[in-house]
Amino acid sequence: MSGSDACSPAQVARGSRDASSPQEPCYLLRNMINKSSPLCTCPAGWKLLAMLALVLVVMVWYSISREDRYIELFYFPIPEKKEPCLQGEAEMKASKLFGNYSRDQPIFLQLKDYFWVKTPSAYELPYGTKGSEDVLLRVLAITSYSIPESIQSLKCRRCVVVGNGHRLRNSSLGDAINKYDMVIRLNNAPVAGYEGDVGSKTTMRLFYPESAHFNPKVENNPDTLLVLVAFKAMDFHWIETILSDKKRVRKGFWKQPPLIWDVNPKQIRILNPFFMEIAADKLLRLPMQQPRKMKQKPTTGLLAITLALHLCDMVHIAGFGYPDAHNKKQTIHYYEQITLKSMAGSGHNVSQEALAIKRMLELGAVKNLTYF
Ligand SMILES: *[C@@H]1O[C@H](CO)[C@@H](O)[C@H](O)[C@H]1NC(C)=O
Ligand SMILES: *[C@@H]1O[C@H](CO)[C@@H](O)[C@H](O)[C@H]1NC(C)=O
Ligand SMILES: *[C@@H]1O[C@H](CO)[C@@H](O)[C@H](O)[C@H]1NC(C)=O
Ligand SMILES: *[C@@H]1O[C@H](CO)[C@@H](O)[C@H](O)[C@H]1NC(C)=O
């Protein structure tokens, strides 16, 4: 309604207390209501009638336009059917793969194990910490090793491990991925610009120096746990020089890792090499002592699934799997144009890993969200 001759419902309700002049519609309306005088006796009767009709039309229009809001107010969305989460299910199913290995191993390396009692480790990296105790002690003193309360308090943990595979392209799985209690990502896999397919939530990211994203703030959340997977002693040195701003070491890496890495030290965790041992021994059946020349090791992806089976009650995987060996043109990642050729000499046996994941799928220990 517009114009000074309009009569707002509030004005009508206020009635005689308004100091409106007798010529104003509100005055007429008030008179009509008070004296119940027939409309025809009033010279402005037609004008009034037209106005009443207008008010009616506006009211009807208003009530119709409210219909949407009405639906919103009284519409209770049916709670989304989350998959039932059975406590201990992943552990139970995975025990067929892993045997009865001890589950009281900490997920992350603990300062106390290198400070008070120096827990001896049977292996050197990547399966143990033998020989790296001193640098590790310095690193653990400036980083953190707790599992956040938000994860600790979950009664049943639904996890998704997001691999970096090309099958995530155009998958539209982003929303589904964000709904899991924990989203575990790998290496430098980006989320910025790929949210629709891979989601944006990152509870944990497993990485090693050469696979660290140069812009960690953009590709992670402020509370993402950045979990360092150490393959060699240099990896501990790298994180120490970054966090303590010591002189950077450039030698000893197969690819230049970031020299400046803008992260909060409290976000950093060091993965217990125990999981590397389990993945290598139980899933890939690799010998723990290999000749230096042909060192085979699990991929970060297989390691992440191993970890998830230990930490979570439900484990789903997305974006795992490589193209067939004869498919030389197919890119392997959802975010970059590299092919299987780049995997040569990486020390990963992708066909052996595929067999291990297939076994997990058959046992129902994990479920695939993309074709595997
Ligand atoms: C676990 O396995 C080891 C060797 O395979 C065996 O000696 C031990 O009794 C097993 N423990 C349980 C609780 O089954
Ligand atoms: C993804 O979708 C876009 C647009 O629909 C299409 O051009 C592209 O080829 C698709 N990529 C893959 C890998 O399917
Ligand atoms: C990789 O694994 C496959 C399947 O187990 C095996 O046949 C092959 O020999 C392995 N390759 C290497 C280089 O060890
Ligand atoms: C999981 O992988 C199998 C093949 O191993 C495939 O048949 C199935 O469609 C996949 N599931 C999803 C949701 O893509």
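All ligand and atom numbering here is 1-based and tracks the order in the structure.
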- Message: Using a 4.0 Å cut-off to any heavy atom of Lys358, which atoms of ligand 4 qualify?
- Response: 5 (O)
- Query: Does the gap between the ring centers of Trp261 and Phe207 come in under 6.0 Å?
  - Reply: yes
- Test side chain to side chain donor-acceptor pair (under 3.5 Å) applied to Tyr335 and Asn188, step by step: CA-CA 10 Å; Tyr335 52 92; Asn188 59 345; 3.1 Å; yes
- Query: Is it the side chain (CB and beyond), the backbone, both or neither of Leu369 that lies under 4.0 Å from ligand 4, heavy atoms counted?
  - Reply: backbone
- Message: Would Arg169 count as a polar contact of ligand 2, with the cut-off being nitrogen or oxygen pairs under 3.5 Å?
- Response: no
- Item | Residues in side-chain hydrogen bond (donor to acceptor under 3.5 Å, both in side chains) contact with Glu353, at least two apart in sequence or another chain | Thr299
- Query: Can you tell me how far the CG atom of Leu206 sits from the CG atom of Leu186, to the nearest 0.5 Å?
  - Reply: 6.5 Å
- Query: Taking atom types as modelled, is there a side-chain donor on Thr224 or Arg205 under 3.5 Å from an acceptor on the other?
  - Reply: no
- Item | Lys93 and Glu362 ion-paired at < 4.0 Å | no
- Do any heavy atoms of Lys367 fall under 4.0 Å from ligand 4? no
- Query: With a 4.0 Å cut-off, would you call Arg157 and Asp313 a salt bridge?
  - Reply: no
- Report yes if Phe372 has an N/O atom closer than 3.5 Å to an N/O atom of ligand 4; otherwise report no. yes
- Decide if the gap between the ring center of Tyr145 and the ring center of Phe108 is smaller than 6.0 angstrom. no
Could you pull out the N/O contacts under 3.5 angstrom between ligand 3 and the surrounding protein atoms?
unit_1: ligand 3; atom_1: 2 (O); unit_2: Asn349; atom_2: OD1; d: 3.1
unit_1: ligand 3; atom_1: 2 (O); unit_2: Asn349; atom_2: ND2; d: 2.4
unit_1: ligand 3; atom_1: 2 (O); unit_2: Gln352; atom_2: OE1; d: 3.4
unit_1: ligand 3; atom_1: 5 (O); unit_2: Gln352; atom_2: OE1; d: 2.3
unit_1: ligand 3; atom_1: 11 (N); unit_2: Asn349; atom_2: ND2; d: 2.8
unit_1: ligand 3; atom_1: 14 (O); unit_2: Gln296; atom_2: NE2; d: 3.0
unit_1: ligand 3; atom_1: 14 (O); unit_2: Asn349; atom_2: ND2; d: 3.4

